[in-house]
Amino acid sequence: MPGHTFQSPTGTRDFYPADAALRRFISESWRSAAIRHGFEEVDGPTFEHLELYTVKSGEGIVSELFSFTRAGGEKTYALRPEFTPTLARLYAAKANSLPKPTKWFCTPTFFRAERPQRGRLREFMQWNVDVIGDPSPAADAEVIATCVTLFTSLGFTPKDLRVKINHRAALAKWFDSRGIPEERHAKLLALLDQKGKLSPRDFTVKLAEFGFTPEQAEVFQKGVIRVELGSGEGELTVLGTTVAREDIGVPTAAGESLDLTFFSEAVRPLALELSQAGVLDWVDFDLSIVRGLAYYTGMVFEVHEASGAERAVAGGGRYDNLIELFGGPPTSAVGMGMGDVVLALVMKDKGLLPDEARLMELAGQRPDVFVISNGSPEADAQVRSTVAMLRKAGLHARHTYKATKNVGKLLQDAAGQKARFAVIIEGPGQCQIKDMAGGGQRPAAISEIVAAVRR
RNA sequence: GUGGCCAUAGCUCAGCUGGUAGAGCACGAGGUUGUGAUCCUCGGGGUCGCGGGUUCAAAUCCCGUUGGUCACCCCA
């Protein structure tokens, strides 16, 4: 087929230099935040046995996976769609010799056979942060605080992003206290999860089947709960209403028409931990955050853009039964995942994407020196050897590939490649060193360049 | 898996009711002013995503397909 052109497969991306620099910037930001919080980097294979995924999620998951067999082979594999099963496998294999808690993170690539749409692709990077073996709310708060550290490092504020927290176990107790039978809990959770997609009318009608009044339905509908630190002895008050926060676009709840005693009992210790971690101002308690996963056992959370734009930036929660499910000892765990796709979208929305020079800088790819000749044959003869000398000294040095001897065009070339300094060779051992950012320029010996440019 | 919209140069797009393809920017070469600018000249590039159909004639109309995009399902 002459003239046939190849396109990248559906839902995958090509990373040209600027894209690769952004990707590296994001993954480095992830690493840095996790390491600051004491997490250690791990990783596993890009593909696993298919059964690793069907054990947890059932056969239904297979249609969402890229699975394959080796030609002539019998085993079925799948490209990894998430990290938790691999994490559980790694932990289970060495559980006895690992510290408690074990704090691991990774920033790998995942694959899901879904139809791509805004914020969702078939190949993406995801930051995973997990605390294994610590059942306390302090571990829950640690995961969220790590998230917040990242947001802060990227330039976000609590007005840009909200961490929305709920508690599965607390909800269950609370439902019990209202006389809702346990077998109906899942259905009610599913209904809460559907909140945004149902009309307020339909939502109210369906909630009524569980014994909630229209007023109470409205609390769910708008349902952000404000947790406040009481004055003095670190007391916490969980209110059934929010304080108006129009400035960050969080809706105000309808009134104190729900008894949230049970909920507040479970949430109080977590709120205290979040307060001590210094991140409570990023947090809203939101009754409608459910998460799809059946395996969450306690705290669950999602991070959303404050006005509700885009998909969830991050999500996670406590899964105290999962390690055991994968063959490990009974072990509590809490973790979260954050994808690069939505994160980059929200950064762009907020004007927080660094420019190209900054990205190259952050990725360690920005040229230190761009060596050009003033056009004389003697200077021409020294360009290569000067570049080689600078590289030997550990600097990132470049020269032009253009034919022109026009100094202005060569400086343009240097600027286009975002070089920090330009060096114009003037004669034997002599040059001008030009600071491309400030524009200042001074004569110097070629032997002085390294010291002048190194930082 | 279902549906809406979209597809012309590297990028942003123009191309009317069908008459055999353009601009700006970018890129490349050269020139000028010794300094990232301005200006001038020249150039590479597109079988109009792909395949079929209607027609004397298709970028344009029709069907299919691939890809993109947005939503549904799902969302680990």
Side-chain angles (χ1 to χ4, degrees), chain A residues 1-14 16 18 48 52-58 60-65 78-88 110-122 124 126 128 130 190 193-194 196-198 290-296 300 302 310-312 314-317 319 322 325-326 335-339 341-342 345 357 370 372-376 379 400-426 431-443:
Chain A
M1 253 219 251
H4 178 72
T5 57
F6 291 101
Q7 299 172 299
S8 62
T10 299
T12 63
R13 294 170 285 180
D14 295 321
Y16 290 92
E48 294 268 12
L52 185 69
Y53 302 115
T54 55
V55 160
K56 186 187 80 179
S57 309
I61 198 71
V62 175
S63 66
E64 306 292 334
L65 300 177
L79 296 179
R80 61 183 171 195
E82 59 166 324
F83 194 67
T84 305
T86 300
L87 180 91
F110 295 107
F111 308 86
R112 296 180 187 175
E114 296 173 304
R115 194 84 165 259
Q117 54 186 291
R118 187 173 180 82
R120 294 175 67 181
L121 297 173
R122 288 184 162 185
F124 57 95
Q126 191 182 79
N128 283 259
D130 292 273
D193 198 30
Q194 285 258 301
K197 293 182 178 172
L198 293 173
V290 172
R291 308 281 300 155
L293 279 302
Y295 61 70
Y296 286 120
V300 290
E302 289 180 358
E310 309 292 356
R311 294 168 187 284
Y319 49 98
L322 209 56
L325 179 63
F326 285 99
M336 69 103 200
M338 179 187 303
V341 183
V342 177
L345 284 173
F370 197 93
I372 66 184
S373 161
N374 74 346
S376 67
T400 192
Y401 288 93
K402 295 180 190 297
T404 184
K405 295 189 184 301
N406 182 321
V407 173
K409 290 208 169 156
L410 294 171
L411 284 169
Q412 195 179 338
D413 196 9
Q417 298 190 42
K418 317 293 183 196
R420 291 170 52 225
F421 290 88
V423 162
I424 306 168
I425 296 179
E426 298 287 5
C431 67
Q432 297 273 341
I433 301 177
K434 184 180 181 74
D435 178 345
M436 295 300 283
Q441 179 174 324
R442 68 180 176 86

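Quick note on labels: first sequence line is chain A, next is B, and so on, each numbered from 1. Just so you know, these numbers use all the heavy atoms, side chains as well, and skip hydrogens, waters and symmetry mates.
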Provide the distance between the two [atom1] atoms, one in [N] and one in [M], to the nearest whole Å.
| N | M | atom1 | value |
| --- | --- | --- | --- |
| B:G22 | B:C48 | P | 14 Å |
| B:U55 | B:G43 | P | 41 Å |
| B:A71 | B:C61 | C1' | 29 Å |
| B:A59 | B:C13 | C1' | 14 Å |
| B:C42 | B:G51 | P | 35 Å |
| B:C72 | B:A29 | P | 50 Å |
| B:U60 | B:A7 | C1' | 14 Å |
| B:G52 | B:C16 | P | 24 Å |

Identity of whatever pairs with [N] - Watson-Crick or G-U, under 3.5 angstrom:
| N | result |
| --- | --- |
| B:A58 | none |
| B:U2 | B:A71 |
| B:U17 | none |
| B:G24 | B:C11 |
| B:U65 | B:G49 |
| B:U32 | none |

Measure the acute angle between the ring planes of A:Y296 and A:Y319, then classify it against the limits of 30° and 60° as parallel, tilted or perpendicular.
-> perpendicular
Using atom [atom1] of [X] as one end and atom [atom2] of [N] as the other, report the distance to the nearest whole Å.
| X | N | atom1 | atom2 | answer |
| --- | --- | --- | --- | --- |
| A:K434 | B:G34 | NZ | C1' | 11 Å |
| A:R122 | B:G68 | CZ | P | 8 Å |
| A:F110 | B:C74 | CZ | P | 23 Å |

Nearest-nucleotide wise, let me know which of A:Q441 and A:P9 is further upstream toward the 5' end of RNA chain B.
-> A:Q441
Assert: residue with more 5' nearest nucleotide on RNA chain B, out of A:R115 and A:A414, is A:R115
Roughly how far apart are [X] [atom1] and [Y] [atom2], rounded to 0.5 Å?
| X | Y | atom1 | atom2 | value |
| --- | --- | --- | --- | --- |
| A:I372 | A:Q432 | CD1 | CD | 10.5 Å |
| A:F326 | A:T86 | CZ | OG1 | 8.5 Å |
| A:E302 | A:M336 | CD | CE | 13.0 Å |

Checking all strands, does [X] fall into the base, sugar-phosphate, or nothing category for heavy-atom contacts under 4.0 angstrom?
| X | result |
| --- | --- |
| A:E302 | nothing |
| A:G316 | nothing |
| A:L65 | base |
| A:G439 | base |
| A:D435 | base |
| A:N374 | base |
| A:L410 | nothing |
| A:T84 | nothing |

Quick one: does A:R118 reach the base of B:U69 with a side-chain donor-acceptor pair under 3.5 Å?
-> no
Is there a donor and acceptor pair, one atom on the side chain of A:R112 and one on the base of B:C74, closer than 3.5 Å?
-> no
A:Q117 side chain near B:C70 phosphate (N/O to OP1/OP2, under 4.0 Å) | no
Is the distance from OP1 or OP2 of B:G1 to the nearest side-chain N or O of A:S63 less than 4.0 Å?
-> no
Under a 4.0 Å N-O cut-off, is there an ion pair linking A:R112 with A:E82?
-> no
Out of B:C73, B:G1, B:G36, which has the shortest distance to the side chain of A:L411?
-> B:G36
Is any side-chain heavy atom of A:T400 closer than 4.5 Å to a side-chain heavy atom of A:F370?
-> yes
Side-chain donor/acceptor of A:R122 to backbone N/O of A:E114, under 3.5 Å | yes
In B/S/- notation (B base, S sugar-phosphate only, - none; protein heavy atoms under 4.0 Å), nucleotides 26-33 of chain B written 5' to 3' is --SSBBBB
Heavy-atom closest pair (A:S373 atom, A:L410 atom, distance to 0.1 Å) is O-CD1, 4.0 Å
Of all heavy-atom pairs between A:L65 and A:A113, which one has the smallest distance, and what is that distance?
-> O-CB, 3.7 Å
If we ignore angles and hydrogens, is there a donor and acceptor under 3.5 Å between the side chains of A:N374 and A:S376?
-> yes
